[in-house]
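Here's the structure we're looking at; comments come further down.
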Amino acid sequence: SQQGEEDPQALSIQEGENATMNCSYKTSINNLQWYRQNSGRGLVHLILIRSNEREKHSGRLRVTLDTSKKSSSLLITASRAADTASYFCATDGPRNTNAGKSTFGDGTTLTVKP
Amino acid sequence: DTAVSQTPKYLVTQMGNDKSIKCEQNLGHDTMYWYKQDSKKFLKIMFSYNNKELIINETVPNRFSPKSPDKAHLNLHINSLELGDSAVYFCASSTRTVGGMGTQYFGPGTRLLVL
């Protein structure tokens, strides 16, 4: 298994619904980040959560981190068609090192139908 | 203003050729990366440079040679291209922070197709 696995692999919802994506990882981390990738584009940073944080909000995004379960979730509330994209989690670590390397998960492809 | 730019955007070439991809960032970051994204969207780090010094080399074939003339540029040269090299290559940059990776800023990608 890869460090940083997302599930589900694909998610299709109606506009206005909430979308939840999960990420699991294997080693201890310094922080975890979520990125979005629109089709044919580069990745765009959404939110960073540190290993000593449990929850973080940014607009319609809510990220949780459970280091005991080595998992994180990304919730997008009141989804819009423009949220259609692939979402990746990225972890760095092991914790308390500055390895300077992010490991990306396989991504969740979100489709929001108008 | 483009933060991280890559050229070319598309690259179609024959097997066995040598090609280069260029990357430039105007964010003042000291760390730059090359990633390879395959057809299944799996994103894997290839190299990382910090202040022109190689710090990560992820068991990439030695046909791939990164070069960083200054901390704002990180180019990727690929010798003897193979079919399996077909992918999207992303350049990224970030600051190095105490306590983990900072935010990475990605370029638009270079779509390489080897025929």
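Every heavy atom of this structure was used, including side-chain atoms; hydrogens, water molecules and symmetry mates were not. Naming: A, B, ... by sequence-line order, numbering from 1 per chain.
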task: Measure B:Tyr105 against the heavy atoms of chain A and call it side chain, backbone, both or neither at under 4.5 Å.
output: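 It is neither, since no heavy atom gets under 4.5 Å.
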message: Under 4.5 Å from any heavy atom of chain A, what part of B:Gln6 do you find: side chain, backbone, both or neither?
response: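 Interface part for B:Gln6: neither.
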Is there a path from [X] to [Y] through hydrophobic residues (I, L, V, M, F, W, Y) whose side chains come within less than 4.5 Å of each other?
| X | Y | answer |
| --- | --- | --- |
| B:Leu76 | B:Met32 | yes |
| B:Ile21 | B:Phe90 | no |
| A:Tyr87 | A:Ile47 | yes |

task: Let me see the working for B:Leu43 and A:Asp106 under side-chain contact (heavy atoms from CB on, under 4.5 Å), right down to the final yes or no.
output: CA-CA 7 Å; B:Leu43 195 69; A:Asp106 297 342; over 6 Å; no
field: Region of A:Leu48 in contact with chain B, defined by heavy-atom distances below 4.5 Å
entry: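 The side chain, not the backbone.
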Could you check if a side-chain atom of [X] sits within less than 4.5 angstrom of a side-chain atom of [Y], using non-hydrogen atoms only?
| X | Y | result |
| --- | --- | --- |
| B:Lys41 | A:Thr109 | yes |
| A:Phe104 | B:Tyr35 | yes |
| A:Thr103 | B:Ile45 | no |

message: Strictly distance-based, threshold 3.5 Å: is any side-chain N or O of A:Tyr35 a donor or acceptor partner for the main-chain N or O of B:Gln104?
response: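 Looks like yes, one N/O pair under 3.5 Å.
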task: Please confirm whether the backbone N or O of A:Gly40 pairs with a side-chain atom of B:Arg111, one donor and one acceptor, at under 3.5 Å?
output: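 Yes; at least one donor-acceptor contact below 3.5 Å.
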field: Nearest atoms (heavy-atom pairs only) where A:Phe88 meets B:Gln37
entry: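 Where A:Phe88 meets B:Gln37 most closely, the heavy atoms are CZ-NE2, 3.7 Å.
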- prompt: For the atom pair CZ (B:Phe106) and NE2 (A:His45), what is the distance rounded to the nearest 0.5 Å?
  reply: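 NE2 of A:His45 is found 10.0 Å from CZ of B:Phe106.
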